[in-house]
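Notes to accompany the following structure.
When reading the values below, keep in mind they use all heavy atoms of this one structure, side chains included, and skip hydrogens, waters and symmetry mates. Source: prediction; values computed, not measured. Letters A, B, ... mirror the listed sequences (proteins, then strands); counts begin at 1.
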Amino acid sequence: MSYFGDIGKGIKTLLSGMKVTGKYFLNARKEIITQQYPENRDTLEMFERFRGEVVMPHDENNEHRCTGCQACEIACPNGSIEIVWDRKVDEETGKKKKYIVNHIYHLSMCTMCNLCIVACPTDAIKMAKKFENAVFDRTALTKVLNKPGSKLMDGVEE
Amino acid sequence: MYDFTGLIQGINKWLHSILPAVAADVVGWILIAAAFLGLFAILGLVLVLAERKIAAFFQLRLGPNRIGPWGIFQTVADAIKLLLKEPVGTNRADSFLYNLAPYFVIIAALMSMSVLPFAKGLHAYDIDIGVFFVIAMSSLGVMGILLGGWASNNKYALLGAMRSGAQMISYELSVGLSILTIVLLSGSLRMSDIVASQSDYWFIFKGHIPAWIAFMIFIIAGTAETNRTPFDLTEAESELGAGFHTEYSGLKFAFFFLSEFVNMFIIAAMGAILFFGGWMPLHIGGWDGFNHVMDFIPPIFWFFGKVSFLIFLIMWFRWTFPRLRIDQLLTLEWKYLLPMNLANILLMAFIVLMGWHL
Amino acid sequence: MKTEELIINPQGKTEEYFINMGPQHPATHGVLRLLLTLDGEIVRKVDADLGYIHRSIEKMTEFDTYRQIVHLTDRMDYLSAHMNNEAVCLAVEKGLQIEVSDRVKVIRTIMTELTRLSSHQLWWGVIGMDTGALTTFMYAFRDREMINDIFEETCGARLTMNYFVPGGLMWDIHPNFQKRVKDFIKHFKTKLPEYDTLLSDNVIFRKRTEGIGILSKEDAISFGVTGPGARASGVRCDLRKKHPYSAYDRVEFKEILGTKGDTFERYRVRILEMWESMHIIEQLIDNIPEGEILEKTKAVIKLPKGEFYQRVETARGEFGANIISDGKKSPYRMKFRSPGFSNLSVIDHLAKGWKVADLVAIMATFDFVIPDIDR
Ligand code: SF4
Ligand code: SF4
C-alpha cells in the first residue's frame with residue numbers, strides 16, 4: 001500500500017514545487033530584479049563607501065592635500081602606490097621640506113583594500129565610486145594622482 | 001470549414017496539368033520537403049527562443065533582450081553564429097560515425113514530423129500506421145545519440161550515450177503503452193482517424209480516468225524521450241559536462257540541439273493528437289452556441305495552441321525539478337510506470353468493452 | 001577505434017577506467033581536479049589533485065604587516081570573507097592583548113552571521129544546480145543580493161570585504177544598516193520556506209540525497225571534518241558554542257545536529273543553520289551597544305614573540321589562523337587551517353561505491369570553495 005502512498009506523496013511534492021515556480025512565472029513582471037546595466041548608467045549609483053579606485057581630490061585652485069609622507073605607500077600590501085618626492089627650501093622658514101612630485105597609482109595591481117586611505121594622515125586620497133575600469137591598454141591603468149601643476153593646500157601640514 | 005483537402009488537391013491537380021505526371025510528383029515532393037524544412041527551421045528558432053524566455057521568467061530574469069525587440073532575433077543570430085563556427089572535433093574520433101550521428105538524429109526527427117496532421121487535410125503522409133511510425137522513428141533517433149557518444153572517443157560522451165541507451169529503451173515502452181491505451185479507444189493507428197474520432201469529445205474526456213493516467217505517463221515518458229530535465233541524464237551538465245555532444249561544435253552541435261527541440265515538439269504534438277483531439281475544437285455536448293464559436297477558430301490554431309500548452313508544461317518541468325539518477329530513472333520506469341501502464345491498458349480495454357467511452 | 005583494438009576481457013569482467021573531473025568541470029566549482037576511477041558509473045576511487053589555484057598566501061603573509069594580512073584572507077574562502085578576517089584579527093588582538101569594545105564584537109557577530117547566510121544561500125543555489133534544478137540558483141541569488149547590498153553599503157565591497165581590522169572595524173556601520181538587515185530578515189523569512197518546497201521536500205531531490213554518502217561520527221572526527229558536514233553526523237563541533245568568540249556568548253541559539261550523516265542530513269543542517277543565523281541576528285540587531293570602533297594600536301603592529309592561534313566557525317567549518325611571531329612587524333610563519341582541505345579528504349571515503357551523480361551531490365553538500373582548499 002505504501003507503493004501507492006509514495007506515488008501520491010511524490011506527485012504532491014512535485015506539484016507544490018511547480019506551484020512555486022509557476023507563481024513566479026506569473027508574477028515575473030513584478031519580481032524581475034535584473035538590472036540592465038549599460039542602459040541604466042545614468043541612474044546607477046553605487047553606495048557611497050563603494051571602493052572603485054583610489055583618487056586624489058583637488059580643489060578649484062588645483063591644490064591637493066598630499067604631503068608626500070609615503071604612509072600610503074608603506075601601507076599598501078602590493079606596491080600599488082609609488083611616491084616620487086623631492087625636497088625644496090621653504091621660503092619662510094628656510095628649511096628643506098619634502099614635497100610630492102608624482103603620486104603614482106597602479107590600478108592594475110590594486111586590490112581595493114582601503115588600507116592606504118586609512119593610513120593617509122591628511123586624508124589626501126579617497127576611494128571613488130567609479131567601477132568601469134576596463135581599458136584597452138594596461139599602461140592606462142598606471143595613473144598619476146596629483147594633477148600637473150598642482151600644489152599642496154595651505155594649512156594641511158599643521 | 002477550414003478544410004485543407006481541397007487546397008492541397010487543387011495544387012496537385014494544377015501541377016499535373018502543367019507538368020508530366022512524374023515531374024509533377026517530384027515537384028510536389030520537393031514542395032512538401034521544402035515546407036517541412038521551413039517548418040523545422042522556424043520551430044527550432046521559435047522554440048529555442050521560447051525556452052530561453054520562459055526559463056528567464058521562471059528564474060526572474062529578462063532573458064534574451066538585446067537583438068531585436070524583446071530579443072526575438074536572438075536565436076536567428078545564434079543560428080548564424082553556429083553556421084559560421086569552425087567545426088572543432090577530436091582527432092581520434094571515428095570520423096565517419098562521428099559525422100554521421102547528427103544526421104541520424106535530425107532525420108529521425110524530420111521523418112516523424114511527416115505523419116503529423118496539422119489540420120484537416122494538412123498532412124504530408126497519412127500512413128495507416130502513423131502512430132507506430134512515430135514510435136519507430138523516435139527509436140531511430142537514439143541511434144544517433146549512441147553513435148555520437150561512442151564515436152567521439154570521449155569518456156564523458158560515452159557515459160552520456162550509454163545512459164541515453166538505457167533510458168530510451170525503457171521509456172520507449174512507456175510511451176508505446178500509453179499510446180496503445182489511446183489506440184484502444186480510437187481503434188486505428190492512422191493519425192487522421194484518431195483525430196476524427198475525437199470530433200465530439202477529446203479522448204482525455206472520453207477515456208475517463210485511464211486516459212488521464214495514460215496522459216500523465218505519456219508526458220513523463222515523453223519528457224524522458226526528449227532528454228529533458230528531470231531526465232536529462234545524457235547531457236547532465238553538472239556531471240558529464242555536456243554528455244554525448246561534448247565533442248561536437250558548430251553546425252553538428254546545432255543539429256543535436258535543434259533536434260532536441262523538434263523532438264519536444266513532436267512529443268507535444270503526439271500528446272495533443274492523442275489526448276486533446278489534435279486540431280479538433282473543444283466541444284461540450286448540448287452547448288451549441290459555444291460549440292459554434294469554438295468551430296470558428298481555425299483548426300491550425302487549435303493544434304498549435306494545444307501543442308504550445310504541452311510544450312510549456314514540459315518546460316515548466318525542466319525549470320522546476322532536479323535531475324534523477326540513472327538507477328532511479330530505471331526504477332521509475334520499470335517499477336512504477338510500466339506496471340501502472342499495463343494495469344491501465346486493461347482498465348481501458350474493459351471500458352472499451354463495456355462501451356462506456358462513447 | 002577498431003574492433004581489434006578493443007580490450008576484450010576473457011572473464012567478462014568489467015574494466016575500471018580513469019576519468020578526469022576538472023580542473024574545468026561544472027561540478028567542481030572552481031579549478032579542482034578529481035581523478036576518478038570508475039567502473040561503469042560506479043566510483044571506485046577519488047584522487048584529488050590540488051594546486052591549480054595555489055597563490056602561496058601563507059608565504060605572502062611572511063612579508064606583509066598584520067594589517068595587510070587581513071585582506072589576503074578575503075581571497076581564500078571568499079564566501080566567508082568576514083569570518084576569515086575575523087580569525088586573523090582575533091589572533092592579532094590576542095597577541096596585542098587588547099580587547100575590542102562590545103560594539104565591535106556585536107557588529108562583527110552580525111556581519112559574520114550575514115556572511116554565513118549569504119554563503120549558505122549560494123550553496124543552496126548551487127546544490128540545486130548540481131542536482132539539475134537550475135532555477136534554485138537564481139532564487140538564491142535574488143536573496144543573496146540583499147545581503148551583498150548590505151555589505152556594499154557598510155563595508156564598501158561585496159566579496160572581498162576587508163572590513164575587520166586588528167583592533168576593531170574599518171568604519172562604523174552605515175546608518176541604514178539596521179533597517180536594511182531587518183528588511184532582509186523579514187524578506188528571507190518568507191523565502192526560506194520556498195527553498196524547502198523547491199528542493200528539501202521534492203521527492204526527486206530526496207531520493208537523490210537520502211541515504212547517500214553516509215559519514216559516521218567516528219569517520220568525521222578521524223578525517224577532521226568540521227562544519228555542517230560533521231554536525232550532520234552528530235559531531236558537536238560548532239565553535240560558536242564550544243569556544244565562543246566575539247558576541248556569541250551573549251546570544252541564544254541552537255547548535256544544529258544531525259544523526260544520519262547522509263547527504264540529505266548535511267543539506268538539512270545547512271538549511272536549519274540559516275534559521276539559526278537569522279535568529280542570532282534578530283537578537284543583536286536592535287541592541288548594538290555604543291562604544292569605540294577602533295582600539296588604539298601602534299602605526300606598525302608588532303606582535304610579541306610567541307604563537308597565537310584563533311579559530312572561528314566559517315560557513316564551511318573550522319577556520320584557524322596560527323601566527324608564529326618573532327617580534328617583527330611580519331609573522332615568522334603563518335599557518336591557516338582551512339575547513340575545505342580536511343573536508344575534501346573525506347570525499348574518497350564517502351563516494352566509494354556510489355555513482356558519479358552521487359559524487360556530485362556529496363561534493364555539493366560539503367560546499368567546497370577551491371581557493372580555500374588551495375590557498
Ligand atoms: S587600496 Fe589597497 S591595494 Fe589599492 S592602493 Fe590602496 S593600499 Fe594599495
Ligand atoms: S596620499 Fe596621504 S599617505 Fe600618501 S603620500 Fe600623500 S599624504 Fe602621505
Flag the one option from [options] with the top tally of heavy-atom pairs under 4.5 Å to chain A.
options: Thr160(C), Thr154(C), Val300(C), Ile204(C); value: Thr154(C)
options: Val165(C), Asp201(C), Asp149(C), Asp64(C); value: Asp149(C)
options: Arg158(C), Met170(C), Lys207(C), Met161(C); value: Met170(C)
options: Arg75(C), Glu145(C), Met138(C); value: Arg75(C)

Aromatic rings Phe188(C) and Phe184(C): how do their planes relate, parallel, tilted or perpendicular, breaks at 30° and 60°?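 Aromatic pair Phe188(C)/Phe184(C) classed parallel.
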Would you call the rings of Phe205(C) and Phe264(C) parallel, tilted or perpendicular if under 30° counts as parallel and over 60° as perpendicular?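 Phe205(C) vs Phe264(C) ring planes: perpendicular.
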Among the listed options Ala71(A), Gly17(A), Cys113(A), the residue most often paired with chain C at heavy-atom distances under 4.5 Å: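 Answer, by heavy-atom pair count under 4.5 Å with chain C: Cys113(A).
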Please state whether the side chain, the backbone, both or neither of Ala75(A) comes within less than 4.5 Å of a heavy atom of chain C.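 For Ala75(A), the backbone is the part near chain C, not the side chain.
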For Ile74(A), which atoms come within 4.5 Å of any heavy atom of chain C: side chain, backbone, both, or neither?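 Backbone only.
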Within a radius of less than 6.0 Å around CD of Glu210(C), do more than 12 heavy atoms belonging to other residues, nucleotides or ligands occur?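 Yes, enclosed.
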Thinking salt bridges, do Lys189(C) and Glu194(C) make one under a 4.0 Å N-O criterion?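 Judged by the 4.0 Å cut-off on N to carboxylate O distance, Lys189(C) and Glu194(C) do not form a salt bridge.
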[Y] ring centre to [X] NZ or CZ under 6.0 Å, with the angle to the axis within 45°?
X: Arg270(C); Y: Trp123(C); answer: yes
X: Arg142(C); Y: Tyr139(C); answer: yes
X: Arg49(A); Y: Phe47(A); answer: no

Interface moiety of Met60(C) toward chain A, non-hydrogen atoms closer than 4.5 Å: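 For Met60(C), there is no contact with chain A at all, as no heavy atom is under 4.5 Å.
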Which atoms of Thr197(C) are under 4.5 Å from chain A, going by heavy atoms: the side chain, the backbone, both sets, or neither?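 Both backbone and side chain.
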